[in-house]
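Note sheet for the following structure.
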Amino acid sequence: MSYHIRTKEDYDKNYLHSVERKNQFWEEIAKEFTWFQPWKKLMDCNMREAKFNWFQGAKTNISFNCIDRHLNSIGDQTAIIFEPNLPSEKAIHISYNELHQKVCKMANLLIDMGIGKGDRVALYLPMIPELAVSVLACARIGAIHSVIFAGFSSGALAARINDASCKMVITADGSFRGNKTIDLKGIVDEALLECPCVESVLVAERTMTQVRMKNNRDFFLAPLLEKASTNHEAVKMDAEDPLFILYTSGSTGKPKGMVHSTAGYMVYTAYTFNNVFAYEKNDIYWCTADIGWITGHSYIVYGPLLNGATTIMFEGVPSYPNPGRFWEIVEKFKVNQFYTAPTAIRSLAKESIDYVNKYDLSSLKVIGTVGEPINEEAWQWYHKNIGKEKCPIVDTWWQTETGGILISPLPHISPQIPTFATNPLPGIEPVLMDENGLELNENNTVGKLCIKEPWPSIARTIWGDHKRYIETYFSAFPGYYFTGDGAKRNDNGMYRITGRVDDVIIVSGHNLGTAPIEDAINEHPNVAESAIVGFPHDIKGNALYGFVTLKEGAEKAVQLESEINALISEKIGPIAKLDRIQFTSGLPKTRSGKIMRRILRKIAEGDFSNFGDISTLLNPEVVEEIKNGKK
Ligand code: PRX
């Protein structure tokens, strides 16, 4: 493909070209794909109004580009390898031809069930082939998929289904995770009590557990698919037609349904997958994420398949049946590119090194990380023990909102500096801003990370709330996209992401907003108020610390802590449970009633050295009490 960057000269040339002749640069890349109708204008964007139009007037279909486009050349090649949770269960290899048949059948079934272009379909599925097939089938018929991570609780699921008025839910009877079986259908049933918009539910059978099926609403998937035809012509989608909605936590209130559109997302994810992982024909690529997150969308399904790659889908967890599982899989399939999260690396680094050394990892060429800052110790462990000091590490920085990787080392091109995401990819212009909204132009500086020019896969809006989209990302620094992250730029212009500068906390690589967790806690009848902050954790990166004030007269019963965590599990999901809970008689507040979180953050971190100016506090005496009661 013409868009490969494989040398430093390629990178420099491409970067310059992308900035100086933006339109021409993207047009050349876009030529790689099948367009049913060419674009009239490459782009028409306005950062202040958050209006993004790429490949205006063009028609294409991303599912067609992922599958049909490859059938003549590599139809028999494996597209997806499914590795089950249980190592003794056989892996399934699905060729591009087989994937085509499966996706066409599913597309026809969706149409039969009354799903059409623009309808929203919620996918609440384990990491089984049906998930990838459903994603691609929705894209094929122009339905908007909303994948909801199958670890979310029924309340969180219902909120997401209702937010986008999904007409259909595709789920499974249950899911296997390690030695646990989770009753997914039961969770869906509970959620649907609150979701009048859902007309039908398709149920894949995975665990073969007994489930309740509601007449005329719930249908098992397999028998219907069996009858469906394998002939289906992909719908000609407008370049800007929405492709999917994916929810991400905000620092306030309800989750944000980020909307991605068709053509820009397609071009950008394909381009970045190829270059960041230096993917070559016949390579076996494995990203350990879940398709319930953006990493899985862009770099398990779309990016790899657009490149005709072989991509692994792993159903299980890194620790089951033992902490050697990842490395066993690398050996088993001779994985060439391996992409995981710092949390997984930290947890596996704690285990005996025998779990790594037992396996032959010599197939690996590039290893990557995503989702949170990687600490130096974890980086060095990964470099030495997994990369054997020969594989470049790509520390990829990006977000649900960005659709694809924006800042990342490129293998054998960028310098390897632990904890640095290093350089922007071509087409991406990062800037650091100071408190006054001015660009910091010098190197060796820290600031708030913004992106100056639009790129093809930037989210188009928040579902149903464009105003919130503008307010969250485009109003702090008008004319720029504000990422919510802080970053440092070193003497050589390399970027290191330092972490969130808002009320989002990243726990084990999952974005969690503090407000929804506090709302959940506050629903407990004994709780008056609460504040959540993050504190450093060896494995999870950050863990959650809750300061909770009880109502007058309420008893601090022993079981209160577990009741609070149970409430959080029920409302959001177990990923948002608190590691520490401290009951206090009050929370430090300014005179205007705002909780001073920076004090709570310092206390949670165990840093009592300097609380800064607390003279504006309404109740300074509470700080001493909280300090003394620190868990
Ligand atoms: O804070 C950054 C962190 O993850 C946030 C985005 O989270 P999410 O939308 O869930 O997407 C995660 C997968 C792309 C960012 O704002 N983050 C992501 N990658 C890195 C990172 N922080 C540091 N280094 C990274 N490589």
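Nothing here was measured: the structure is a model prediction, and the numbers come from that model. Whatever order the structure lists them in is the order used to number ligands and atoms, beginning at 1. Position 1 is the first residue of the sequence, and the numbers go up from there.
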What orientation do Y302 and F244 show, parallel under 30°, tilted 30 to 60°, or perpendicular over 60°?
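Parallel.
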Fit a plane to each ring of H297 and H145, take the angle between them on a 0 to 90° scale, and name the class: parallel (under 30°), tilted (30 to 60°) or perpendicular (over 60°). tilted
Which N or O atoms of ligand 1 sit under 3.5 Å from a protein N or O, and how far apart is each pair?
{"unit_1": "ligand 1", "atom_1": "1 (O)", "unit_2": "D485", "atom_2": "OD1", "d": "2.7"}
{"unit_1": "ligand 1", "atom_1": "1 (O)", "unit_2": "D485", "atom_2": "OD2", "d": "3.2"}
{"unit_1": "ligand 1", "atom_1": "4 (O)", "unit_2": "G371", "atom_2": "O", "d": "3.1"}
{"unit_1": "ligand 1", "atom_1": "7 (O)", "unit_2": "N511", "atom_2": "OD1", "d": "3.2"}
{"unit_1": "ligand 1", "atom_1": "7 (O)", "unit_2": "N511", "atom_2": "ND2", "d": "3.3"}
{"unit_1": "ligand 1", "atom_1": "9 (O)", "unit_2": "T400", "atom_2": "N", "d": "2.8"}
{"unit_1": "ligand 1", "atom_1": "9 (O)", "unit_2": "T400", "atom_2": "OG1", "d": "2.6"}
{"unit_1": "ligand 1", "atom_1": "16 (O)", "unit_2": "Q399", "atom_2": "NE2", "d": "2.8"}
{"unit_1": "ligand 1", "atom_1": "16 (O)", "unit_2": "D485", "atom_2": "OD1", "d": "3.2"}
{"unit_1": "ligand 1", "atom_1": "16 (O)", "unit_2": "D485", "atom_2": "OD2", "d": "2.7"}
{"unit_1": "ligand 1", "atom_1": "16 (O)", "unit_2": "R500", "atom_2": "NH1", "d": "2.8"}
{"unit_1": "ligand 1", "atom_1": "17 (N)", "unit_2": "G371", "atom_2": "O", "d": "3.4"}
{"unit_1": "ligand 1", "atom_1": "19 (N)", "unit_2": "G371", "atom_2": "N", "d": "3.1"}
{"unit_1": "ligand 1", "atom_1": "19 (N)", "unit_2": "T396", "atom_2": "O", "d": "3.4"}
{"unit_1": "ligand 1", "atom_1": "22 (N)", "unit_2": "P373", "atom_2": "N", "d": "3.3"}
{"unit_1": "ligand 1", "atom_1": "24 (N)", "unit_2": "E372", "atom_2": "O", "d": "3.4"}
{"unit_1": "ligand 1", "atom_1": "26 (N)", "unit_2": "D395", "atom_2": "OD1", "d": "2.7"}
{"unit_1": "ligand 1", "atom_1": "26 (N)", "unit_2": "T396", "atom_2": "O", "d": "2.7"}

Handout entry: Within 45° cone of F152 ring axis and under 6.0 Å: R160 NZ or CZ
Key = yes
Hits for salt bridge (charged side-chain N to carboxylate O under 4.0 Å, His left out) against D434, two or more places apart or cross-chain, chain-then-number order -> none
Exercise. Centres of the W54 and Y265 rings: under 6.0 Å?
Worked result: no
side-chain hydrogen bond (donor to acceptor under 3.5 Å, both in side chains) with Y473: of Q399, K256, R468, only one passes, and it is K256
